[in-house]
Amino acid sequence: MQPFHCFKKTAPFKYLIAGKYTDEGEKLYSSAGRKNGVTVILTGFIDDKELPAYFALADMYIMPSKKEGFGITFIEAMYYGLPVIGGNADGSADALDNGNLGIMVNPDSVAEIEAAIEKLIQHKSSFIPQKEKLMQKFGFETYRKNLQNILN
């Protein structure tokens, strides 16, 4: 899939890639961004204390991956009030509660990703997860109870 292809039709985007990346990744995303008229910002490592500020910059969190083990970053993004789009082919489904907390797409389908982005742009507020629902599913108390059940 061509990175950023789906952004051509939607809106002027700034694409923030936070965290580590390879030289190959930097070249790929910078080149694809220029080709498709998307501003790409590669931050490199971000200290945990700075994460809330970066999430506050975003309108949505998109990571339609195929190799995500669980997807803790989805939960972080939802905690900070962002609607999310994730893949339906990996552990992202667990973090998105099988689509109850975010939009799941085929990571190989540009059309599905594009449609999900359009949906979020047009109806963002209806896709912002309820913090109460998120905490019921992934909060500390739930984690503690689940761990206790395992240990018993």
Side-chain angles (χ1 to χ4, degrees), residues 1-131 133-139 142-143:
M1 179 176 79
Q2 172 77 21
F4 314 116
H5 168 77
C6 57
F7 295 142
K8 278 185 168 182
K9 295 180 187 175
T10 53
F13 272 84
K14 289 187 179 177
Y15 192 82
L16 179 69
I17 301 175
K20 297 177 185 178
Y21 51 85
T22 63
D23 289 342
E24 182 181 311
E26 179 181 15
K27 289 175 189 171
L28 171 71
Y29 287 114
S30 296
S31 171
R34 281 190 302 277
K35 183 177 177 182
N36 291 288
V38 176
T39 300
V40 177
I41 302 164
L42 298 158
T43 66
F45 174 79
I46 296 175
D47 188 273
D48 286 345
K49 291 179 243 167
E50 297 177 30
L51 284 176
Y54 280 88
F55 281 116
L57 291 170
D59 291 312
M60 62 187 75
Y61 182 84
I62 306 169
M63 189 171 71
S65 65
K66 293 189 275 188
K67 296 180 181 178
E68 189 65 31
F70 173 69
I72 193 75
T73 56
F74 289 110
I75 296 168
E76 289 175 318
M78 290 184 286
Y79 178 82
Y80 289 107
L82 295 176
V84 298
I85 299 171
N88 63 5
D90 61 9
S92 303
D94 293 328
L96 297 180
D97 193 25
N98 294 311
N100 292 315
L101 295 171
I103 299 175
M104 295 173 48
V105 296
N106 175 344
D108 291 321
S109 173
V110 171
E112 279 188 42
I113 297 167
E114 187 174 57
I117 292 169
E118 283 291 336
K119 204 183 276 188
L120 287 185
I121 290 170
Q122 293 172 7
H123 307 287
K124 180 181 176 182
S125 62
S126 50
F127 289 98
I128 296 173
Q130 297 173 358
K131 197 171 259 188
K133 190 175 180 180
L134 181 67
M135 296 311 287
Q136 283 175 342
K137 182 76 179 166
F138 298 111
T142 302
Y143 172 78

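Positions are given from 1 along the sequence. Keep in mind that the numbers below use all heavy atoms, side chains included, and drop hydrogens, waters and symmetry copies.
- To the nearest 0.5 Å, atom CD1 of residue Ile62 and atom CG of residue Leu16 are 11.5 Å apart.
- Annotation: ring-ring contact (aromatic ring centres under 6.0 Å, His included) contacts involving residues 87-118, sequence neighbours excluded, are absent.
- Put simply, CD1 on Ile128 and CE on Met60 are 10.0 Å apart, with the number rounded to the nearest 0.5 Å.
- Looking at residues two or more places apart in sequence or on another chain, you find no salt bridge (Lys or Arg N to Asp or Glu O under 4.0 Å) involving Lys133.
- Counting only residues at least two apart or on different chains, no salt bridge (charged side-chain N to carboxylate O under 4.0 Å, His left out) pair has a member in residues 42-53.
- Interatomic distance, Lys119 NZ to His123 NE2, rounded to the nearest 0.5 Å: 8.5 Å.
- Within 6.0 Å of CD in Gln130 there are 12 or fewer heavy atoms belonging to other residues, nucleotides or ligands.
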Check: residues 98-107 side-chain donor-acceptor pairs under 3.5 Å, at least two apart:
| from | atom 1 | to | atom 2 | distance (Å) |
| --- | --- | --- | --- | --- |
| Asn100 | ND2 | Asp97 | O | 2.9 |
| Asn100 | ND2 | Asp97 | OD2 | 3.3 |
| Asn106 | OD1 | Asp108 | N | 2.8 |

For residues 70-94, which side-chain donor-acceptor pairs fall under 3.5 Å, sequence neighbours excluded?
| from | atom 1 | to | atom 2 | distance (Å) |
| --- | --- | --- | --- | --- |
| Thr73 | OG1 | Tyr61 | OH | 2.7 |
| Asp90 | OD1 | Ser92 | N | 3.0 |
| Asp90 | OD1 | Ser92 | OG | 2.8 |
| Asp90 | OD2 | Ser65 | OG | 2.7 |
| Asp90 | OD2 | Lys66 | N | 3.4 |
| Asp90 | OD2 | Lys67 | N | 3.1 |
| Asp90 | OD2 | Glu68 | N | 2.7 |

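- One finds the CD atom of Gln122 at 10.0 Å from the CZ atom of Phe127 (value rounded to the nearest 0.5 Å).
- Within the 4.5 Å cutoff, the side chain of Thr43 has no heavy atoms near those of the Ile17 side chain.
- Checked by atom type and distance alone, the side chain of Thr142 never pairs as donor or acceptor with a backbone atom of Phe138 at under 3.5 Å.
- Remark: Lys124 NZ is packed, more than 12 non-hydrogen atoms of other residues, nucleotides or ligands lying under 6.0 Å away.
- In this structure, OG in Ser30 is found 12.0 Å from OH in Tyr15, a value given to the nearest 0.5 Å.
- Judged as a salt bridge (Lys or Arg N to Asp or Glu O under 4.0 Å), and not counting sequence neighbours, Lys27 has no contacts.
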